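Data block below; observations after.
We count residues from 1, following the sequence as given. Hydrogens, waters and symmetry mates are skipped; everything else that's a heavy atom, side chains included, is used. Quantities reported herein were computed from a predicted structural model and do not represent experimental measurements.
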Amino acid sequence: ASNIEELEKLTNLSDGLLRLARLENGKLPLTELKISQIIDEAVGRVSGQAEQKNILLNTAISKDTEIMGDKSSLVELMVILLDNAIKYSDKKTEISIKATTDKKTVTISVKDKGKGIAPADLPHVFERFYRADSSRTKQQINGYGLGLAIAENITKLHNGTITVQSSQNKGTTFKVTIPAKA
């Protein structure tokens, strides 16, 4: 059983590294997409995790804005952000997912009320293999520090930006801004 568990961990690591390499060296096929479909699919993928911790996933989408993007990679981006928010949030809290638009951009934010990220760790969260100090959470969080590096690459391939703001013991907000469909 221990060997199978280790094999699964290595498989996940190699899959993550391959995905990151493909994103760094490629271009994505872009199609018209509705932001609501991306968010709904991502929320559906992580809802089981949220239910286990009794975390409410609250979505607010200003309107059904369309963008040009690659659906599977944008869903993956949102799943990464939601997965992290769930992992680092206490039980019985809330995670807010909002999408707002202006004439040129769409901004999607994922805000949790978790442990937060130390100021010294903030500049490094998008680096490969970077894991913030484990003392920020009481439980051991599995992973290799590839998720946010993948999220950043997906965002860049969509000509967007990803930022993070965090206050320790108050929560973290990730914002992804990408061009709106012209």
K111: salt bridge (Lys or Arg N to Asp or Glu O under 4.0 Å) partners, not counting sequence neighbours: none
Spatial distance of atom OG1 (T177) from atom NE2 (H158) [nearest 0.5 Å]: 13.5 Å
Donor-acceptor contact below 3.5 Å, side chain T163 vs main chain V176: no
Test side chain to side chain contact (heavy atoms under 4.5 Å, CB included) applied to T59 - qualifying residues, sequence neighbours left out: I39, V43, I97
V110 backbone acceptor or donor facing K98 side chain under 3.5 Å: no
Results of side chain to side chain contact (heavy atoms under 4.5 Å, CB included) for E32 - residues two or more places apart only: E66, M68, K181
Derivation of the side chain to side chain donor-acceptor pair (under 3.5 Å) call for T155 and N153: CA-CA 5 Å; T155 304; N153 276 294; over 6 Å; no
Partner residues of A42 under the side chain to side chain contact (heavy atoms under 4.5 Å, CB included) criterion, sequence neighbours left out: V75, M78, V79, L82
Donor-acceptor pair, side chain of T93 and main chain of S89, under 3.5 angstrom: no
Over all atoms of both residues, closest heavy-atom pair of L122 and S166: CD2-CB, 4.0 Å
Lys/Arg-Asp/Glu bridge criterion (N-O < 4.0 Å) met for D90, K115: yes
Residues forming a side chain to side chain donor-acceptor pair (under 3.5 Å) with T105, sequence neighbours excluded: D102
K113 side chain reached by S96 side chain, heavy atoms, under 4.5 Å: no
K34: salt bridge (Lys or Arg N to Asp or Glu O under 4.0 Å) partners, not counting sequence neighbours: D64
I95 backbone acceptor or donor facing D112 side chain under 3.5 Å: no
Donor-acceptor side-chain pairing of S72 and D70 below 3.5 angstrom: yes
Point-to-point distance, once rounded to the nearest 0.5 Å, from OG1 of T161 to CD of E152: 10.0 Å
From OG1 (T65) to CD1 (I35), nearest 0.5 Å: 7.0 Å
Candidates I178, I108, L81 - the one meeting side chain to side chain contact (heavy atoms under 4.5 Å, CB included) with I162: L81
Sub-4.5 Å side-chain heavy-atom contact between E76 and I154: yes
Derivation and outcome, side-chain contact (heavy atoms from CB on, under 4.5 Å), residues T173 and V164: CA-CA 6 Å; T173 303; V164 60; over 6 Å; no
For the student: nearest non-hydrogen atoms of P179 and I67, plus distance: O-CG2, 3.7 Å
Separation between CD1 of I86 and CD of Q52, rounded to the nearest 0.5 Å: 9.5 Å
K91 side chain near I55 side chain, heavy-atom distance below 4.5 Å: no
Exceeds 12 heavy-atom contacts within 6.0 angstrom, atom CD of Q165: no
I117 and Y88, any side-chain heavy atoms less than 4.5 Å apart: no
K53 (side chain) donor-acceptor with K92 (main chain) under 3.5 angstrom: no
Full working for side chain to side chain donor-acceptor pair (under 3.5 Å) between T107 and T100: CA-CA 5 Å; T107 301; T100 57; 4.6 Å; no
Distance in Å, S73 OG paired with L30 CG, rounded so as to fall on 0.5 Å steps: 8.5 Å
Minimal non-hydrogen separation, K175 against S109, with atom names: CG-CB, 3.8 Å
